[in-house]
Visitor: 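Dumping the structure here so I can ask a few things about it.
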2 protein chains.
Amino acid sequence: MAAPSRTSLPEIVAAGARLLESGGLDGLTMQAVARAVGVRAPSLYKHVADRDELVRLIAEHALADLGARLDVAAPDGVEPREGMRAAAHALRRFARERPAAFRLVFAPGAEATRPSPDVAYRATATVLRLGERLAGAEEGLAAARTVTAWASGFIAMELAGAFRIPGDVDHAFEFGITRLADALAGAAAGR
Amino acid sequence: MAAPSRTSLPEIVAAGARLLESGGLDGLTMQAVARAVGVRAPSLYKHVADRDELVRLIAEHALADLGARLDVAAPDGVEPREGMRAAAHALRRFARERPAAFRLVFAPGAEATRPSPDVAYRATATVLRLGERLAGAEEGLAAARTVTAWASGFIAMELAGAFRIPGDVDHAFEFGITRLADALAGAAAGR
DNA sequence: ACCTGAACACCGTTCAAGT
DNA sequence: ACCTGAACACCGTTCAAGT
């Protein structure tokens, strides 16, 4: 038998995710990743077809992480408006901890770097369920999308530094999610 | 007197914007821009400090374009809910015509490439005014931010291919903006 | 079988030398 | 006074040759 791999795909993805946060997408070079896992750049191509695939794997890993956080934040049985609130806040915490990963997931660049629909679907299951319980089976998908769009847009603006006119951003977020959840629940009540 | 410039900053920015849409941010290289305006790459540094500055100028130009479109879509005196609807649709049209520029503006990367607050402020003046007329002076800023967050988030998800479960995306957008405008107007009515 | 140095075709950027 | 070739320090990626 011959040389066992000196590194592994999970190790590579983890190192890549760390580099992504510390140096942005530009800092995520094959050479830097290789150095972080203790090999030379060409060896990475034993585990990954090219850099775009590595970026995609990092995005998918981040998305799975986010999905797990949403599950914890809004466990089964939580009152749905409260669950939506908790999920939105969990998304915002995720974005603060991993801003570059957030951007990768919600504003991906080249096609080849986008998370697979499968991974994306699993990550959104919690919010979809909340949407259905909040707005009814019929409008559940629309409700989940509306909240996701608003929250991710708000957070993207925040990360982009769009909220320079002070105003209390924390309060605005809380205000928005509450009002949105009420409006969507109101729709279900047939008002 | 000596050699006049063989190109100009506006020409460079325009060529850059074209390359951005045709080849993404990766296709926007100094060499490609130089070729497009008929000089060699080093000459660009007479007009621009570095690539990040060029990217920023392209983003600012796109933002000004967007601001002008919003003005046209929601002229002074339009009924505010209708104006908000028109502005949201104008943003979506902009994103479809210039997806890469949209991403640059709403999900910028490195600090140095972000539009200046000044340019951003001017571009949002129309929506801010609509927000104030919709939700009152007090809550106008919050209302404008809420609609902008929702619309930009929705469109970013759309561009990212997040709406694979069909559903009628056009209808969902129309539904969302109408409901949002109503909810924000309701807030002003003190309900 | 994995790992590597060397190589290739690119980048962004600088700068001395041309006109 | 703008323009350029040449150069430098980087990239991503391939591949023959090492172990």
Side-chain angles (χ1 to χ4, degrees), chain A residues 1-60 100 103-104 108-114, chain B residues 1-60 100 103-104 108-114:
Chain A
M1 65 164 236
S5 213
R6 205 169 294 171
T7 181
S8 68
L9 188 54
E11 212 179 13
I12 289 169
V13 171
R18 238 166 313 156
L19 282 164
L20 174 68
E21 294 306 335
S22 64
L25 209 45
D26 287 348
L28 179 64
T29 68
M30 297 303 271
Q31 323 219 9
V33 172
R35 199 179 320 118
V37 301
V39 300
R40 302 291 182 149
S43 296
L44 297 177
Y45 292 85
K46 285 282 153 186
H47 301 92
V48 128
D50 52 27
R51 181 175 176 273
D52 276 356
E53 184 175 300
L54 175 55
V55 172
R56 181 174 58 77
L57 290 171
I58 293 169
E60 290 179 348
R103 217 174 287 130
L104 209 54
E111 287 263 355
T113 68
R114 295 184 196 168
Chain B
M1 71 166 234
S5 213
R6 205 168 295 171
T7 181
S8 68
L9 189 54
E11 211 180 14
I12 290 168
V13 171
R18 238 166 314 155
L19 282 164
L20 174 68
E21 294 306 336
S22 64
L25 209 44
D26 288 347
L28 179 63
T29 69
M30 298 301 272
Q31 324 220 9
V33 173
R35 200 179 320 120
V37 302
V39 300
R40 303 291 182 149
S43 296
L44 297 178
Y45 293 85
K46 285 281 153 186
H47 301 91
V48 126
D50 52 28
R51 181 176 177 273
D52 276 357
E53 184 176 300
L54 175 55
V55 172
R56 180 173 60 76
L57 291 171
I58 294 169
E60 289 178 348
R103 217 174 285 129
L104 209 54
E111 287 264 354
T113 68
R114 295 185 195 165

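Here is the naming used below: chain letters follow the sequence lines, and residue numbers restart at 1 for every chain. FYI, side chains are in, hydrogens and waters are out, and symmetry mates aren't considered; it's all heavy atoms of this structure.
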Visitor: Indicate, with a heavy-atom threshold strictly under 4.0 Å, whether T29(B) touches base, sugar-phosphate, or nothing.
Guide: sugar-phosphate
Visitor: Which one is paired to dA1(D), where only Watson-Crick or G-U wobble pairs with both distances under 3.5 angstrom count?
Guide: dT19(C)
Visitor: Would you mind telling me which of dT4(C), dG12(D), dC3(D) lies closest to the side-chain atoms of Y45(A)?
Guide: dG12(D)
Visitor: Round to a whole Å and report the spacing from CD of E53(B) to C1' of dG12(C).
Guide: 14 Å
Visitor: Can you measure R35(B) atom CZ to dG12(C) atom P for me and round it to whole angstrom units?
Guide: 11 Å
Visitor: Look at the side chain of R103(B) and the backbone N and O of G24(B), then say whether any donor-acceptor pair between them is shorter than 3.5 Å.
Guide: no
Visitor: Which listed nucleotide (dG12(C), dT13(D), dT4(D)) is nearest to the side chain of R40(B)?
Guide: dT4(D)
Visitor: Given atom CG of L25(B) and atom C1' of dG12(C), what is their separation to the nearest angstrom?
Guide: 14 Å
Visitor: I want to verify a distance call: between dC15(D), dC2(C), dG12(D), whose nearest atom is closest to the R51(A) side chain?
Guide: dG12(D)
Visitor: L28(B) CG to dC10(C) C1': how many Å, rounded?
Guide: 16 Å
Visitor: Using whole Å, report how far CZ of R6(A) lies from P of dT19(D).
Guide: 13 Å
Visitor: Using atom CE of M30(A) as one end and atom C1' of dC10(D) as the other, report the distance to the nearest whole Å.
Guide: 16 Å
Visitor: Checking contacts here: which listed nucleotide (dG5(C), dC3(D), dC2(C)) is nearest the side-chain heavy atoms of P42(A)?
Guide: dG5(C)
Visitor: Any strand is fair game: report the nucleotide pairing with dC11(D) by Watson-Crick or G-U wobble, both distances under 3.5 Å, or none.
Guide: none
Visitor: If you check the A41(A) side chain, which of dT13(D), dC11(D), dA6(D) turns out closest?
Guide: dT13(D)
Visitor: Separation of L44(B) atom CG from dT4(D) atom C1', in whole Å?
Guide: 12 Å
Visitor: Less than 4.0 angstrom between a side-chain N/O of S43(B) and OP1 or OP2 of dT4(D), yes or no?
Guide: yes
Visitor: Of the listed nucleotides (dC15(D), dC2(C), dT13(C)), which one gets closest to any side-chain atom of S5(A)?
Guide: dC2(C)
Visitor: dC11(D) C1' sits how many Å from L19(A) CG, rounded?
Guide: 15 Å
Visitor: Nearest 0.5 Å please: distance from the OG1 atom of T29(A) over to the CG atom of L19(A).
Guide: 7.0 Å
Visitor: Quick one: on DNA chain D, does Q31(A) or G38(B) contact a more 5' nucleotide (nearest heavy atom)?
Guide: G38(B)
